[in-house]
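A quick write-up on the structure given underneath.
Every chain is numbered from 1, with letters handed out A, B, ... down the list of sequences.
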Amino acid sequence: MPELPEVESVVRSLRDGHPSLIGSRIRSVELAWPGVLAQQPLAVDPAELEGCCFASIRRLGKYLIFSLNCQGKQPRYLVVHLRMTGRLFLVPDSAAVERHTRLALILDHGLALCFDDPRKFGRVWLVNDPETVTGGIGPDALTVGLDEFALRLAGYRRQLKPLLLDQSFIAGIGNIYADESLYRAGLHPLTNSADLLPDGMRRLHAAIRSVLGEAVEAGGANIDGVFKAGSFVVNVYGREGAPCRICGTAISKIRVGQRGTHFCGYCQTL
DNA sequence: CACTCTACCTGTGCGC
DNA sequence: TGCGCACAGGTAGAGT
C-alpha cells in the first residue's frame, strides 16, 4: 500500500531513473478507464496534454504532482493518488496498456507512462493549479517541524491512530506507518491526543520523522509475503501474535476506526 | 467536533 | 476442484 515513502520512491525513480520522465513529451493519451479521472466536470481535457513536456515531479503527502510545459500555453498539472494498489511506471510504448492499465501517456522516444490499478481506487486529476487538489491536506509528515506539529496537535482531542491517518492533520501517513510510528514512540494507538504530555508529543514527532526517513532511504516497506516496495522492515504491522522485537510480548491486533491496528501491549502504554 | 458506518473496488486466501 | 465469503485499506460523504 503506497504511503509517503513508497510515493517518494516512485517520484525518485521517474525523475532520476534512466530513462527519466523529465523532458519527455506527451504524444497521445490513452484513457483505458475514464473513471480514473477524479473530477467532474473536467478542468482540463485529456487531449490538451498532447504536445506537453514533463518539467518537474514532486510529492506532497501521498500525492504525486507533475508539472507540464505546454508550448507557450499555460502550464498544466497532472496530479496522481495511488490509493491502495495504484502503480506508476515507465515502459516501452508497445507494452503500454495491460489488463489493469487505467491511463497511459504515450511519450516520445518509444516510452509510455503507465498508471495501473487493479482495484480502481487510484485517481488522476488534470488541473491548472494543483492546489485545487491538495489544498485541504496538512503539512508533509516527513518535513513538519516539532513546533508546528505540537501546535496542530493541540487543536484536536482524538485517538492518536485515526488522527495520524487524517491527511488534514499531517499528510503522508497510512495504516502501516501509523502503527510503526506509534510503536517507535511507545504510545498506545488509543491514546487521546489531548492527554499527550510535551515529552509524548516530542517522541511522536521524532518517531514519525525517523520511521518515514528510514523508510524513504530503504525505498519503502518490505512486508513479509504481502507487500514489497523496498527493504524497510516493519516491527508491528502484520505481525499479530509474533514476538515484539524489544520485549518478546506477542503483538496485538485490534480494530480502530475500522482499521487493523497492531501494537505491543507492553511497550505501548495507554 | 469526534466518532462510526458505508461505498468504492478486486485479488487473495480461507473454510467447507 | 470449486464455491462463497471475509478481508485488505485511502478517502469521501452521510449519519449519530
For [X], report the nucleic acid contact type (base, sugar-phosphate, nothing); a contact means any heavy atom under 4.0 Å.
X: A:R102; answer: nothing
X: A:R83; answer: base
X: A:G257; answer: nothing
X: A:K161; answer: nothing

Between A:C267 and A:C247, is the SG gap short of 2.5 Å?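 A:C267 does not pair with A:C247 as a disulfide (SG atoms not under 2.5 Å apart), so no.
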
Closer than 4.0 Å, any side-chain N/O of [X] to the OP1 or OP2 of [N]?
X: A:K253; N: C:dC7; value: no
X: A:H81; N: C:dG10; value: no
X: A:Q159; N: B:dA2; value: no

When you get a sec, tell me which of [options] is the closest nucleotide to the side chain of [X]?
X: A:N175; options: B:dG11, C:dA8, C:dG10; value: C:dG10
X: A:Q258; options: C:dG9, C:dT11, B:dT6; value: B:dT6
X: A:P118; options: C:dG10, C:dT11, B:dG11; value: B:dG11
X: A:R157; options: B:dA2, C:dG9, B:dG11; value: B:dA2
X: A:R99; options: C:dT11, C:dG9, B:dG11; value: B:dG11

Short side-chain donor-acceptor distance under 3.5 Å, A:R76 and A:N128: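 Short answer, yes.
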
Between the side chains of A:S210 and A:R184, is a donor N or O closer than 3.5 angstrom to an acceptor N or O?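 Distance-only check passes for A:S210 and A:R184.
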
Would you kindly compare A:R123 and A:R158 by the position of their nearest DNA chain B nucleotide and give the one closer to the 5′ end?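 It is A:R158, whose closest nucleotide lies nearer the 5' terminus.
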
Checking only heavy atoms, does the side chain of A:R259 share a donor-acceptor pair with the base of C:dA8 at less than 3.5 Å?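 Not at all, since no donor on one side and acceptor on the other fall under 3.5 Å apart.
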
When the aromatic ring centroids of A:Y77 and A:F66 are compared, is their separation below 6.0 Å?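 A:Y77 vs A:F66: aromatic centres not under 6.0 Å.
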
